[in-house]
Number of protein chains: 2
Amino acid sequence: MTVTIKDLAEKVGVTVTTISRVLNNRGYISDDLKKRVQQATKELNYQPNELARSLSRKKSNIIGLIIPDVSHPFFAELTKHIEYYAYEQGYKVLLCNSLLNKNKEREYIDLLKASQVDGIIMGSQTISVEDFELINLPVITIDRKISNQIPYICSDNYDGGKIATELLIDKKCKKIAHISGNLQLNLLAKQRHEAFVDKVVQNGIEYVVVETDINGFDLKDYEKLVHKLFQEHPDLDGVFASSDMIAMQVVNECQKLGYRIPEQVKVVGYDGIAQGYNRNYMITTIEQPIKEMGKLAVENLVQQILTKNPPMETILPVKLLERETT
Amino acid sequence: MTVTIKDLAEKVGVTVTTISRVLNNRGYISDDLKKRVQQATKELNYQPNELARSLSRKKSNIIGLIIPDVSHPFFAELTKHIEYYAYEQGYKVLLCNSLLNKNKEREYIDLLKASQVDGIIMGSQTISVEDFELINLPVITIDRKISNQIPYICSDNYDGGKIATELLIDKKCKKIAHISGNLQLNLLAKQRHEAFVDKVVQNGIEYVVVETDINGFDLKDYEKLVHKLFQEHPDLDGVFASSDMIAMQVVNECQKLGYRIPEQVKVVGYDGIAQGYNRNYMITTIEQPIKEMGKLAVENLVQQILTKNPPMETILPVKLLERETT
DNA sequence: TTGTACGCGTTATCAT
DNA sequence: ATGATAACGCGTACAA
């Protein structure tokens with residue numbers, strides 16, 4: 001049924017070796033032969049079996065992408081760009097949603113290794129550092145520094161937190177809340193929190209910090225969190241949310257409560273998702289260079305795969321997008 | 001370096017055949033041996049090579065997912081559920097964004113075949129019917145009927161269009177616009193358009209139809225389209241948009257123009273994306289059962305792979321979510 | 001410029 | 001209950 005390199009060889013009247021050579025452009029081959037092979041390839045509709053190739057070459061040209069959840073807009077966009085650049089470099093991407101579930105994450109890592117992927121991009125982060133170091137495969141993490149052995153890529157979280165907080169302070173906010181991602185996950189994103197605290201303390205501003213649940217991105221949880229925040233602190237006049245999704249909830253809650261934005265309450269989000277939910281909302285935000293992050297993640301990983309030595313640390317600049325909520 | 005089944009066999013003191021048997025639970029094996037193998041597997045940290053397995057078995061347990069763009073919230077969510085159910089059934093998913101580019105789509109199809117995927121879920125749809133039938137692999141399409149040979153899955157587009165249009169008519173709209181997806185793509189989604197036209201004509205309502213560009217989901221294009229629509233038809237009092245993304249643009253444009261919603265203009269969207277951009281926007285919408293679609297797509301495809309005969313046609317019901325824009 | 005023969009890691013068929 | 005060996009489809013020293 002399936003036509004193999006043998007059939008091709010027979011048809012052309014040479015051996016498989018020669019065919020393989022032609023197909024991979026290795027060594028010397030006569031132009032005449034080249035054409036005959038191409039011809040036969042068309043006629044038989046031959047397609048090389050990548051599985052067999054990978055097995056023989058010990059290289060699958062597949063990279064694994066582990067993220068918490070593609071349906072989160074930040075990761076959706078990141079995934080899009082990763083896929084794009086991976087394809088450009090000749091790699092396929094195997095998509096893995098960990099759902100921030102430790103077991104699924106670990107299982108996926110094993111599965112990826114068993115599948116002989118050439119490398120892994122980790123945008124998820126629940127397993128321990130030790131588990132991580134057992135991976136024994138090219139890996140790059142997004143927004144998390146695991147150890148000195150594993151390259152990571154992130155945007156300048158501290159700077160982002162600083163810019164956001166300073167903006168609110170400049171705009172005369174007197175009591176500012178920071179809604180942070182979960183801090184136990186030990187992401188670099190927690191530097192946004194650090195910058196926030198540094199700035200409000202430096203300026204002697206009253207502040208409050210709350211953090212989201214460790215289990216992911218449930219909008220309803222955000223809703224509750226925000227609701228509770230304003231119940232306990234009705235006098236807030238500034239909010240720095242650690243994602244645009246959260247910021248949207250803040251805007252909604254304020255509308256419900258009848259607080260005018262930006263007159264009474266100012267809101268700054270984070271991420272700057274291009275597909276524009278946020279853009280529609282016109283929320284002031286700190287934009288991460290998601291496309292660039294995806295691109296560099298792929299490039300760094302490919303470098304590792306080719307046993308070059310890519311940078312261990314890649315920190316990309318963020319940008320303030322001031323819109324209608326400040 | 002890498003430990004293979006041979007190493008295991010040596011260590012345990014049997015042949016690879018026996019090991020393979022134990023690993024795959026085939027035939028009779030003594031309990032004692034079972035334990036020794038498990039023991040050795042742990043000690044050597046052995047992991048079967050899925051590539052070799054797939055090659056030998058002629059089954060990769062990989063399914064290809066071709067969609068226009070994961071960063072579009074509808075597909076992001078669909079992808080999430082597809083990945084979830086695929087994983088549950090023991091399949092990995094290879095992610096392919098066609099970006100609605102005919103060539104990339106075709107290249108990806110070839111790549112997937114070469115990679116020996118067991119089947120393909122097609123959420124993208126630019127290539128021709130003939131090209132499609134050449135695929136010669138289990139395939140299921142989302143929202144497109146290709147031929148009588150290829151199963152498809154969709155929600156009830158006609159009903160959705162009907163419900164949306166009727167709602168606007170019931171609410172006394174006198175001039176209604178429908179912003180449709182591109183009709184040349186020949187998606188089943190065009191039935192929304194058909195239902196719209198049927199209903200407005202039946203009721204003698206003034207109407208106008210515009211359709212989006214064929215090249216994808218650029219928000220800026222939506223913006224222009226909507227802007228132009230209201231320029232040419234400032235007297236619109238109802239809009240049925242074929243996606244929530246577009247509906248959001250309509251809401252924005254109305255705000256810019258100072259049209260009050262829902263008093264002066266009523267808006268109905270489509271999709272009902274759970275992650276809630278729309279939910280935040282509180283746009284009345286027709287909800288597609290995205291999770292169910294993902295689940296059934298995977299199940300149908302797996303059935304095909306196992307050479308059962310799954311249904312050729314799966315049409316799921318939609319639901320009106322009435323919120324604040326009608 | 002082309003061919004021979006073996007290896008990649010696993011499964012499957014037939015024996016024993 | 002376990003083993004020997006071919007097969008899966010391709011790549012690659014080494015030869016010729």
Side-chain angles (χ1 to χ4, degrees), chain A residues 1-38 40-41 44-62 90 110-118 137, chain B residues 1-38 40-41 44-62 90 110-118 137:
Chain A
M1 188 58 222
T2 67
V3 24
T4 78
I5 203 174
K6 271 187 194 164
D7 304 317
L8 245 192
E10 245 173 59
K11 171 128 188 164
V12 178
V14 291
T15 60
V16 292
T17 314
T18 309
I19 300 290
S20 177
R21 268 208 199 84
V22 176
L23 262 34
N24 297 290
N25 255 317
R26 241 184 285 285
Y28 302 91
I29 20 191
S30 69
D31 276 5
D32 171 57
L33 181 64
K34 242 179 198 166
K35 281 185 185 140
R36 277 159 56 216
V37 172
Q38 285 171 355
T41 301
L44 297 185
N45 192 22
Y46 166 77
Q47 273 189 318
N49 181 325
E50 287 295 332
L51 243 40
R53 271 197 160 159
S54 300
L55 181 61
S56 182
R57 283 191 185 140
K58 292 177 159 300
K59 181 157 188 306
S60 65
N61 275 41
I62 299 180
D110 285 341
L111 182 56
L112 290 177
K113 288 178 69 175
S115 300
Q116 313 298 116
V117 300
D118 295 333
L137 215 65
Chain B
M1 189 57 220
T2 67
V3 22
T4 79
I5 204 176
K6 271 186 194 165
D7 303 317
L8 245 191
E10 242 173 61
K11 170 129 188 163
V12 178
V14 292
T15 62
V16 292
T17 315
T18 309
I19 300 290
S20 177
R21 266 208 200 86
V22 176
L23 261 35
N24 297 290
N25 254 318
R26 245 185 282 284
Y28 302 91
I29 19 191
S30 67
D31 276 5
D32 171 56
L33 181 65
K34 240 182 200 165
K35 282 187 185 138
R36 277 157 56 214
V37 172
Q38 284 171 355
T41 300
L44 297 185
N45 192 21
Y46 166 77
Q47 272 189 318
N49 181 325
E50 287 295 332
L51 243 40
R53 272 197 158 160
S54 300
L55 180 61
S56 182
R57 283 190 184 140
K58 292 174 159 300
K59 181 158 187 307
S60 65
N61 276 43
I62 300 180
D110 285 341
L111 183 55
L112 290 177
K113 289 178 68 174
S115 300
Q116 313 297 117
V117 300
D118 295 333
L137 214 64

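Letters A, B, ... mirror the listed sequences (proteins, then strands); counts begin at 1. Values below: every heavy atom of this structure, side chains too, minus hydrogens, waters and symmetry copies. Keep in mind that what you see is a predicted model, and the values were worked out from it rather than measured.
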- request: Describe the nucleic acid contact of B:Leu33 in one word from base, sugar-phosphate, nothing, applying a heavy-atom distance below 4.0 Å.
  value: sugar-phosphate

- request: Please round to the nearest 0.5 Å and tell me the distance separating atom OG of B:Ser60 and atom CG of B:Leu55.
  value: 11.0 Å

- request: Answer yes or no: is there a donor N or O on one side and an acceptor on the other, between the side chain of A:Ser115 and the main chain of A:Leu111, under 3.5 Å?
  value: yes

- request: Give the rounded distance in Å between these two atoms: CG of A:Leu23 and P of D:dT12.
  value: 12 Å

query: Among D:dT2, D:dC10, D:dG9, which nucleotide sits nearest the side chain of A:Leu55?
result: D:dG9

Over 12 foreign heavy atoms within 6.0 Å of NZ, B:Lys6: no

- prompt: Where the side chain of A:Thr41 meets the backbone of A:Val37, is there a donor-acceptor pair that is under 3.5 Å apart?
  reply: yes

field: Interface limits on DNA chain C, where chain A has a heavy atom under 4.0 Å of a nucleotide atom
entry: C:dT1 to C:dG9

- prompt: So which one's nearest nucleotide on DNA chain D is more toward 5', A:Thr17 or B:Ser30?
  reply: B:Ser30

query: Should B:Asp7 and B:Lys11 count as an ion pair when the cut-off is N to O under 4.0 Å?
result: no

query: Per the atom types in the model, does the base of D:dT2 pair as donor or acceptor with the side chain of B:Arg21 at under 3.5 Å?
result: yes

message: Does B:Gln47 reach a base, just sugar-phosphate, or nothing at all? Heavy atoms under 4.0 Å.
response: sugar-phosphate

- request: Strictly below 4.0 Å, heavy-atom distances to any atom of DNA chain C: list the hits from residues 4-12 of chain B, or just say none.
  value: B:Thr4, B:Ile5

message: Taking B:Lys59's backbone N and O only, do any of them form a donor-acceptor pair with B:Asp118's side chain (distance below 3.5 Å, no angle check)?
response: no

- request: Would you confirm whether B:Asn24, through its side chain, and B:Arg21, through its main-chain N or O, come within 3.5 Å as a donor-acceptor pair?
  value: no

- request: Starting from C1' on D:dC8, measure out to NZ on B:Lys58 and report it in whole angstrom.
  value: 6 Å

query: How is A:Leu51 classified with respect to the nucleic acid when contacts are heavy atoms under 4.0 Å: base, sugar-phosphate, or nothing?
result: nothing

message: Using a strict threshold of under 4.0 Å (side-chain N to carboxylate O), is an ion pair present between A:Lys35 and A:Asp31?
response: no

